[in-house]
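Structure record follows, encoded as structure tokens.
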Amino acid sequence: MTANAVRLGAIREARSFAGPAPFFDSAEQTGAIFGENVFSLAVMQKRLPKSVFKSVAATMQRGEKLDAAHADVVASAMKDWAMERGVTHYAHVFYPLTGLTAEKHDSFLEPVGDGTAIWEFTGKTLIQGEPDASSFPNGGIRATFEARGYTGWDVQSPAYILENPNGNTLCIPTIFVSMTGEALDHKTPLLRSQAAMADQARRVLELFGHSDIDNVVSYCGPEQEYFLVDSSFVNTRPDLLGAGRTLFGAKPPKGQEFDDHYFGAIPDRVLAFMHDTERALFKLGIPAKTRHNEVAPGQFEIAPVFERANLASDHQQLLMTTFRAVAKQHGMECLFHEKPFAGVNGSGKHVNFSFGNRNQGNFLNPGDNPHDNAQFLVFCAAIIRAVHLHGGLLRLSVASAGNDHRLGANEAPPAIISIFLGDQLADVFDQIAKGGEATSSKQKGIVSVGVDTLPDLTKDPGDRNRTSPFAFTGNRFEFRAAGSNQTVAAPMVVINTIMAEALDFCANELDAAVAAGTEFNEAVQALLKKIIEQHGTVIFNGNGYSDEWHAEAEQRGLKNLRTTVDALPEYLTPESKALFTTYGVFNEAELESRYEIGIEQYLLTINVEANLTEEIARTTILPAALRYQTELANNVAALTTAGVAADTTDLVTLSRTIAELRAGIAELGTALAGKHDEEGIAEAAYVRDSVLPAMGRIRAAADELEAVVADDLWALPTYQEMMFIL
């Protein structure tokens, strides 16, 4: 059997996979399944007494505190509804600082004294659970022997049912905190930050004369990019199994350079997967809207409709879980790593952000004449101030070892955080900066396509900019720097908090000016001019990929935190501590714990990748190269013995590359041994500067060997196979 027999078998399996039996129910009406597995307001209205329903609805819609006395009624109704749908167990679902979803399943079954059992679910059990707080990342908040932690029901995120052929589970979204109240998850600070932002937004709205102010919330619409790879290939790639990305792989003869995959016809096998994922998402009330091929071969995207930030965050985690599960049913693996394949585009998770409420609408809707929309301009100016003052925190919110491979790689925004406003808004704020008041706005135009049978197209007053990390896109800002594998809660926590500070500043400035006798409109114009003069340097509408921008950004004083190691200290700056503690989002212990966890996660990730790199290089790539070297050497010897002049060029090249591979393996071993001489952020910097380059040297030699070693000796599935066989 040849060395690549497993690889060839994987290719055969991938090409012959027929897929699961297609689901089709002729009785199922289009749209009827949406939310059928969600304990939604509509379900509660039918099952709860009117007074209890009003209390729960007020909590979900207006953020009012839930009356704990109603919890037993809600729990009983929730249990009955769930058991009618085949549920036997419930789980408090939370989002620890691993970045993954955590859950512990408990049965509704409760034994009684006579040897029988009843099905029971109490309000106390609904409201609070108790997982082990020392077994999750906590950054020193909990010692190993201090195990107690609590989950708490997030009423604003509806319970839902996860289906399984062997029994369904009722899932209850919760927060996760330590016994002493510190946040050990992503949801708790998200809820805190949203409340802080809402308080300050309300102050601004009151200054504009609004009295019917409904609960202000932040909205999030995360676009999710991902790769699909046949499971047969993944199962024969230890790097994909262990690290989620390929640590080796030569560039295929054809990649993405033809631009033929983006928005191309979706392959049948992938479309079947999309149909099944969307059906599962719809049943869970997740509003999946858009699907399409992305830029790289084997890469795709899904985008949902905007939702409240905490619900969008929960749904995003659930979406990733659903995609992984359904992909396996279709004989594929869904890869969410930011850079699973070198040399082609990686994957991001664009976080579209806006905020508003039911009465005043979307605060970031400029209208047709934004120069006359003072309220919009104040909210937009607040964002300019927030991003300029706290760009380092925004960069920190998307920092990870995986995202370091993507940011600034001409496929994602640079690590420099700037704002793109577009021509229309840039012109309005330019007028404000020069004269103190804007008097006009660029209007929409018409695009004539020159075909009589087609109508003219509406031309927006400004273009889009895909190189900007924080871009205005019509009625929202799109934060494009987030990584595909991370929770959207992290950037939303920062966005909400820095907006709370900026809106607080705006309200204080307007309050003081009006109290001093300034007419309100004049106070608004003065505020806008002040903000644009002090913070306008963060606005950049040009090419973020250019070398000139990097030099210009440095002159403007904008931070360029190129790696996670550069970004992590932003947790502990005096400005960050003051910001988060002032608005009650994090205390200093929580900030320090997240700093420590960030270092730990970075080191663990690189350590796993480095160990895999060394293992695969020694046990798979080097043996294949040595066998081929022996084969070539034997051929040369045979020709020489026969008196034929042998061309040794291939042998010399191969031998040189093998020597480089050996040198890289030795360098990596030395680097890994030396990392223990440091600790904390110094160890992370050492790993970045010593271990990663050694891994890169091994990869360069290995990828060169892939191009010269005989195909029947190469055991690892290649990029050409993994990205194109679906």
Side-chain angles (χ1 to χ4, degrees), residues 58-65 156 190-220 306-310 352-387 389 425 428-429 432 437-438 472 474-477 492-532 535 579 582-585:
T59 300
M60 296 183 70
Q61 295 178 332
R62 299 192 296 276
E64 297 180 9
K65 191 174 183 65
Q156 292 186 316
L190 177 57
L191 295 174
R192 292 172 181 170
S193 69
Q194 188 158 280
M197 180 277 297
D199 288 343
Q200 302 307 323
R202 174 179 288 273
R203 292 180 60 203
V204 173
L205 292 173
E206 288 172 346
L207 287 166
F208 274 94
H210 296 288
S211 58
D212 58 337
I213 303 172
D214 194 26
N215 184 43
V216 176
V217 297
S218 57
Y219 295 97
C220 177
F306 273 66
E307 299 180 283
R308 295 186 182 203
N310 66 310
N352 292 281
F353 156 77
S354 67
F355 60 123
N357 60 18
R358 290 189 298 178
N359 293 345
Q360 282 73 48
N362 178 8
F363 302 163
L364 295 181
N365 186 355
D368 293 331
N369 298 296
H371 69 282
D372 282 336
N373 191 340
Q375 180 177 294
F376 161 77
L377 291 176
V378 168
F379 282 121
C380 188
I383 291 177
I384 293 171
R385 171 188 166 87
V387 174
L389 286 180
L425 287 188
V428 169
F429 279 103
I432 292 170
E437 185 171 1
F472 186 72
N475 61 359
R476 63 191 184 274
F477 278 90
M492 286 305 304
V493 166
V494 171
I495 291 171
N496 282 334
T497 308
I498 64 179
M499 282 303 299
E501 187 279 334
L503 293 171
D504 189 3
F505 170 82
C506 292
N508 289 340
E509 289 283 307
L510 293 174
D511 260 338
V514 171
T518 305
E519 191 270 328
F520 182 69
N521 186 60
E522 290 181 15
V524 168
Q525 299 306 321
L527 170 66
L528 295 175
K529 191 172 190 299
K530 182 176 183 177
I531 288 178
I532 204 66
H535 306 290
L579 172 75
T582 296
Y583 296 98
V585 177

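In this text the structure is predicted, and so the values were computed from the model without any measurement.
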Could you tell me if the ring centre of F477 sits under 6.0 Å from that of F353? no

Measuring from atom [atom1] of [X] to atom [atom2] of [Y], what distance do you get when rounded to the nearest 0.5 angstrom?
| X | Y | atom1 | atom2 | value |
| --- | --- | --- | --- | --- |
| R385 | L527 | CZ | CG | 9.5 Å |
| D199 | L503 | CG | CG | 11.0 Å |
| F429 | L528 | CZ | CG | 6.0 Å |
| N373 | Q375 | CG | CD | 7.0 Å |

Presence of salt bridge, R62 and D214, under 4.0 angstrom: no

List the atom of [X], the atom of [Y], and the distance in Å for their closest heavy-atom pair.
| X | Y | result |
| --- | --- | --- |
| N475 | P366 | CA-CD, 4.4 Å |
| I531 | A381 | CG2-O, 3.4 Å |
| A201 | F363 | CB-CE1, 4.3 Å |
| A382 | A502 | O-CB, 3.2 Å |
| R203 | N508 | NH2-OD1, 2.7 Å |

Would you tell me whether Y583 and D504 have side-chain atoms, one donor and one acceptor, within less than 3.5 Å of each other? yes

Would you say the side-chain atoms of R476 and N362 include a donor-acceptor pair closer than 3.5 Å? no

Below 4.5 Å, heavy atoms only, C-beta onward: do N352 and Y219 meet side chain to side chain? no

Pairwise side-chain contact, I495 with S218, heavy-atom cut-off 4.5 Å (strictly under): no

Where does the angle between the aromatic ring planes of F376 and F472 fall among parallel (under 30°), tilted (30 to 60°) and perpendicular (over 60°)? tilted

Restricting to side-chain contact (heavy atoms from CB on, under 4.5 Å), what partner residues turn up for T518, sequence neighbours left out? A513, E522, A523

Residues two or more places apart in sequence or in another chain: which of them pass side chain to side chain donor-acceptor pair (under 3.5 Å) with N357? Q360

